[in-house]
Amino acid sequence: MDRSRPLARRPLVTLLTAAALAASGLTALTSAARAADADLARNGGFESALDGWTCTAGAVVNAPVHSGGAALKATPAGADNARCAQTVTVRPDSQYTLSGYVRGTYVYLGASGTGTTDVSTWVQSAPDWQRLTTTFRTGPATTRVTLYTHGWYGTGAYHADDISLTGPGGETGQPPAVPGGLTAGSVTSTGVALSWSPVSGATGYAVYRDGTRVSTVTGTSTTVTGLTPSTAYAFQVAAVNDAGESARSATVTATTAERPDGGGSGDLPAHALVGYLHASFANGSGYTRLADVPDSWDVIDLAFGEPTTVTSGDIRFERCPVSECPNVESDAEFKAAVKAKQAAGKKVLISIGGQNGQVQLTTTAARDKFVSSVSAIIDEYGLDGLDIDFEGHSLSLNADDTDFKNPKTPVVVNLIAAVKTLKAKYGDDFVLTMAPETFFVQLGYQYYGTGKWGGQDPRAGAYLPVIHALRDDLTLLHVQDYNSGPIMGLDNQYHSMGGADFHIAMTDMLLTGFPVAGDAANVFPPLRPDQVAIGMPASVNAGNGHVSPAEVNKALNCLTKKTDCGSYATHGTWPELRGLMTWSINWDRFANWEFQKNFDAYFG
């Protein structure tokens, strides 16, 4: 990396010529040309969030700012330099000045696609706002130029504000006409299908829900998801092209359907306690018989069903051998315990995956084998459903898979199809839960897959398309808020394990929704609070990130009552938050049932 760039020495003839021009009152541009110049950068002050910008790791903050009430904060990480860019329409063979204010270490401002020489300027260290400026001339056929900022790898966050591109505007024409024929089609408990008539000259369409822009699409139909059952919504659509956005269409209203049984509570209590039971191994916590699990546990996930090979899709559930678990019950006793738990209103699920159970459904044959083998386990033991606990390298995204709403990667597409088949086979009573790690979910706020410029971890955010596609079938999502690195929350600050704030910030993201990879036009919709439980370790022995009962209660108070909140400000209050999940029942027994007792005391 080039850490220092000395100023180039100017030839004497250049300095003398410049002095002569200044003395004679001549300029490179005429007064008439300067009068025609305009600021072509869209939302250069970031007052409208990231509207107009595409960022790999950027977000808008309210402090520090150079002017106005907002600025960009972008954080390089790994192989990502936190680039933010926008493309503007320019005039061929014309002169332009690019400028902006930046703070931070190794901050760059530049323009590419100029048709002549692409330019950039940078500052090595700017502890306070510093202006960067550069100029360029477009080529004889250039009509579009990309402006960008970026930092440098591993050097911390940078800030940018008041970015402008001055020069003659391009021939952008007029915004398109207002779309007509907006119609609401099929309606589910959480989604409404919309369609409208095409508009000549439109390159896309902006969809509005209750006055808020929720998505941008290229076609003339879409389904707005993440809605609340039995709720009325108002929709509009506007046509978009390079010249801007049309006025919004006439409003269409639609009311979502009632909540379906299969995607709702699964007959769970208002506040549920979920735990994993080591059914195929013991480890240091010791083996706990299913019949000995206290009644406080509402959902019991049998850990684990694992594949015969990573890509086979052939899932097997082998109960703990006597050599490892001397007190293990017989198969008949185990099946009887399942029935007894169900008679008491509990749900018993088979959990697939875990730390050692890598599952990659790379082919349709593996997909079909997954369905048949999981069905065989459910049928043999009379279970209530499935928990997906894919970890490690089970899910990752191909380089061309950039839209969580329309996944392309086989391991993702095949998993979604397999689960939908299981749901269709067992009907509305089928309980579906998921236990992803934060890396696969909340990290998607900053990074998604390999990123638009490549180089990122392809597993980043890889659970998002699975959750989104199955949200109408999903009973519970309990992200593992443990064994996690720092994760950026919606306050654009990093949050680390060890206290209530981490659980508050991670859960708020699920209940509020968030733009994926910083793209305001591509928002992961919120889940219902009754679909969400918080995943925590039961004891210090169970995993990194354990917090005391007092911190557990602070997190619950903040999320359900908006009291006891710390530095993170939530975006709502959710008294219907379903409850808590823990790894594991065995480890909680080892710790004298501290986690369970605290849950019982809190929820009564």
Test item: side-chain donor near acceptor, Asp384 and Gln342, under 3.5 Å: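 Their side chains do contain a donor-acceptor pair, which is all the 3.5 Å distance test asks for.
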Given 3.5 Å as the limit, does a donor-acceptor pair link the side chain of Asn592 with the main chain of Glu594, or not?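 Such a contact is absent between Asn592 side chain and Glu594 backbone.
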Could you go step by step and tell me if Thr438 and Ser484 meet the side-chain hydrogen bond (donor to acceptor under 3.5 Å, both in side chains) rule? CA-CA 7 Å; Thr438 56; Ser484 170; 2.7 Å; yes
Shortest non-hydrogen contact from Pro465 toward Val412: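 Looking at all heavy atoms of both residues, the shortest contact is CG-CG1, 3.8 Å.
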Taking everything shown except Lys339 itself, do over 12 heavy atoms lie less than 6.0 Å from its NZ?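 No, because the 6.0 Å sphere around NZ of Lys339 holds 12 heavy atoms or fewer from other groups.
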Please verify the inter-ring angle class for Phe304 with Trp583; under 30° counts as parallel, over 60° as perpendicular, anything in between as tilted.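 Parallel: the ring planes of Phe304 and Trp583 meet at under 30°.
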Salt bridge check: are Asp403 and Lys405 linked by an N-O gap of less than 4.0 Å?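 No.
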Do side-chain atoms of Gln531 reach the backbone of Arg471 as a donor and acceptor pair under 3.5 angstrom?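 Pair found, side chain donor or acceptor close to backbone of Arg471.
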Could you check whether Lys554 pairs with Glu551 (Lys NZ or Arg NE/NH1/NH2 to Asp/Glu carboxylate O, under 4.0 Å)?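 A salt bridge links Lys554 with Glu551.
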Using a 4.5 Å cut-off on heavy atoms from C-beta on, say whether the side chain of Trp593 contacts that of Ile585.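 In contact.
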List the steps, then state whether side chain to side chain contact (heavy atoms under 4.5 Å, CB included) holds for Asn522 with Thr402. CA-CA 10 Å; Asn522 194 29; Thr402 59; over 6 Å; no
Would you say the side-chain atoms of Glu329 pair up with the backbone N or O of Leu290, donor to acceptor, closer than 3.5 Å?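 Present.
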For residues His478 and Ile534, determine if any side-chain heavy atom of one lies less than 4.5 Å from a side-chain heavy atom of the other.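 The answer is no, as the side chains (C-beta and beyond) never meet within the 4.5 Å cut-off.
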Taking the side chain as every heavy atom from C-beta outward, state whether Val214 and Val523 have any pair of such atoms under 4.5 Å apart.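 When only atoms from C-beta onward are counted, Val523 and Val214 do not touch, as no gap falls below 4.5 Å.
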State, yes or no, whether a side-chain contact exists between Phe524 and Pro515 at a heavy-atom distance under 4.5 Å.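 They are not in side-chain contact.
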Under the 3.5 angstrom rule, does the side chain of Asp481 hit a backbone N or O of Met536 as a donor-acceptor pair?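 Such a contact is absent between Asp481 side chain and Met536 backbone.
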Using ring centroids (six-membered ring only for Trp), state whether His468 and Phe404 fall under 6.0 Å.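 Centroid separation for Phe404 and His468: below 6.0 Å.
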Give the intermediate values and the outcome of side chain to side chain contact (heavy atoms under 4.5 Å, CB included) for residues Asn544 and Tyr482. CA-CA 6 Å; Asn544 294 323; Tyr482 45 90; 5.9 Å; no
Taking Arg289 first and then Glu333, would you say they form a salt bridge - that is, a charged N and a carboxylate O separated by under 4.0 Å?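 The answer is yes: the pair qualifies as a salt bridge.
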Centre-to-centre under 6.0 Å for Phe603 and Phe599, is that the case here?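 Yes, close enough.
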Taking Ile388 as the fixed residue, which of Thr433, Leu432, Leu474, Ile467 is the one that meets the side-chain contact (heavy atoms from CB on, under 4.5 Å) rule?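 Answer to the side-chain contact (heavy atoms from CB on, under 4.5 Å) test with Ile388 among Thr433, Leu432, Leu474, Ile467: Leu432.
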Between the main-chain N or O of Ala517 and the side-chain N or O of Gln446, is there a donor-acceptor pair closer than 3.5 Å?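 No, Gln446 side chain to Ala517 backbone: no donor-acceptor pair under 3.5 Å.
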side-chain hydrogen bond (donor to acceptor under 3.5 Å, both in side chains) assessment of Ser351 paired with Asp387: CA-CA 4 Å; Ser351 180; Asp387 172 70; 2.7 Å; yes
Straight-line distance of Leu361 CG to Asp368 CG, nearest 0.5 Å: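 Going from the CG atom of Leu361 to the CG atom of Asp368 covers 10.0 Å.
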For the residue pair Gly489 and Met509, what are the closest heavy atoms and their distance?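 That closest heavy-atom pairing would be CA-SD, 3.9 Å.
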Taking the side chain from Asp401 and the backbone from Thr409, do they hold a donor-acceptor pair closer than 3.5 Å?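 Checked: pair present.
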Working for side-chain hydrogen bond (donor to acceptor under 3.5 Å, both in side chains), residues Gln480 and Glu391: CA-CA 10 Å; Gln480 301 177 33; Glu391 300 180 13; 3.0 Å; yes
Please check if the side chain of Ser373 supplies one atom and the backbone of Gly313 the other of a donor-acceptor pair under 3.5 Å.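 Here the side-chain-to-backbone pair exists.
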Which label fits Phe281 and His278: parallel for a plane angle under 30°, tilted from 30 to 60°, or perpendicular past 60°?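 Parallel: the ring planes of Phe281 and His278 meet at under 30°.
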With a 4.0 Å cut-off, would you call Lys347 and Asp298 a salt bridge?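 Salt bridge: no.
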Closer than 3.5 angstrom, by distance alone: can the side chain of Thr311 be matched with the main-chain N or O of Thr362 as a donor-acceptor pair?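 Such a contact is absent between Thr311 side chain and Thr362 backbone.
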Please state whether the rings of Phe390 and Phe370 are parallel, tilted or perpendicular, taking 30° and 60° as the class boundaries.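 Judged by the thresholds at 30° and 60°, the geometry between Phe390 and Phe370 is perpendicular.
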Heavy-atom side-chain proximity of Val274 to Thr582 below 4.5 angstrom: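 No, too far: nothing below the 4.5 Å cut-off.
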Between Thr231 (side chain only) and Pro229 (backbone N and O only), is there a donor and an acceptor less than 3.5 Å apart?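 It does hold such a pair.
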Carefully, step by step, assess Asn586 and Asn283 under the rule side chain to side chain contact (heavy atoms under 4.5 Å, CB included). CA-CA 9 Å; Asn586 302 61; Asn283 75 19; 5.7 Å; no
Between Leu194 and Ala184, which heavy-atom pair has the shortest distance, and what is it?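 So the two residues come closest at CD2-CA, 4.0 Å.
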Taking C-beta and beyond as the side chain, do Leu268 and Thr475 meet within less than 4.5 Å on heavy atoms?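 Yes; the side chains approach each other to less than 4.5 Å.
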Report the distance from atom CG of Leu349 to atom CG of Leu277, rounding to the nearest 0.5 Å.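 So the CG of Leu349 and the CG of Leu277 are separated by 12.0 Å.
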Tell me, with the steps shown, if Trp574 and Thr560 meet side chain to side chain contact (heavy atoms under 4.5 Å, CB included). CA-CA 5 Å; Trp574 302 278; Thr560 64; 5.7 Å; no
Short side-chain to backbone donor-acceptor contact, Ser396 and His393, under 3.5 Å: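 Checking the backbone N and O of His393 against the side chain of Ser396, no donor-acceptor pair under 3.5 Å is found.
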Check Asp530 with Arg578, please: is the shortest side-chain N to carboxylate O separation under 4.0 Å?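 Result for this pair is yes, salt bridge flagged.
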Within-4.5 Å side-chain heavy-atom neighbours: Met581 and Val479: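 No. Closest side-chain heavy atoms not under 4.5 Å.
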Checking Tyr568 against Asp508 for the side-chain hydrogen bond (donor to acceptor under 3.5 Å, both in side chains) test, could you report, in this order, the C-alpha distance in whole Å, the side-chain angles of both residues, the deciding distance, and whether it holds? CA-CA 9 Å; Tyr568 184 91; Asp508 179 69; 2.5 Å; yes
Can you tell me how the ring of Phe590 sits relative to the ring of Trp587, calling it parallel under 30°, perpendicular over 60° and tilted otherwise?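 Rings of Phe590 and Trp587: perpendicular, over 60°.
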Identify the residue among Leu490, Thr507, Ile487 that makes a side-chain contact (heavy atoms from CB on, under 4.5 Å) with Gln442.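 In the set Leu490, Thr507, Ile487, the residue that makes a side-chain contact (heavy atoms from CB on, under 4.5 Å) with Gln442 is Ile487.
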Asp314/Arg316 ion pair, N-O < 4.0 Å: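 Result for this pair is yes, salt bridge flagged.
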Could you give the distance from OH (Tyr287) to SG (Cys325), rounded to the nearest 0.5 Å?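 Here the rounded value is 6.5 Å.
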Over all atoms of both residues, closest heavy-atom pair of Cys558 and Ile504: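 Between these two residues, the closest heavy atoms are CB-CD1, 3.6 Å.
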So, for Ala460 and Leu443, which heavy atoms are closest and what is the spacing to 0.1 Å?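 Distance-wise, the nearest heavy atoms are CB-CD2, 3.9 Å.
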Would Lys335 count as a cation-pi partner of Tyr381, with NZ or CZ less than 6.0 Å from the six-membered ring centre and within 45° of the ring normal?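 Here Lys335 passes the 6.0 Å and 45° test against Tyr381.
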Quick check: closest heavy atoms across Ile377 and Ile315, and the distance to 0.1 Å?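 Shortest heavy-atom contact: CD1-O, 3.7 Å.
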Is it true that, when you exclude Arg367 itself, more than 12 heavy atoms of the residues, nucleotides or ligands shown sit nearer than 6.0 Å to its CZ?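 For Arg367, atom CZ is crowded (more than 12 foreign heavy atoms under 6.0 Å).
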What distance do Arg459 atom CZ and Leu395 atom CG have between them, rounded to the nearest 0.5 Å?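 One finds 10.5 Å between CZ of Arg459 and CG of Leu395.
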Is any side-chain heavy atom of Pro486 less than 4.5 Å from a side-chain heavy atom of Ser496?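 Counting from C-beta outward, Pro486 and Ser496 do come under 4.5 Å.
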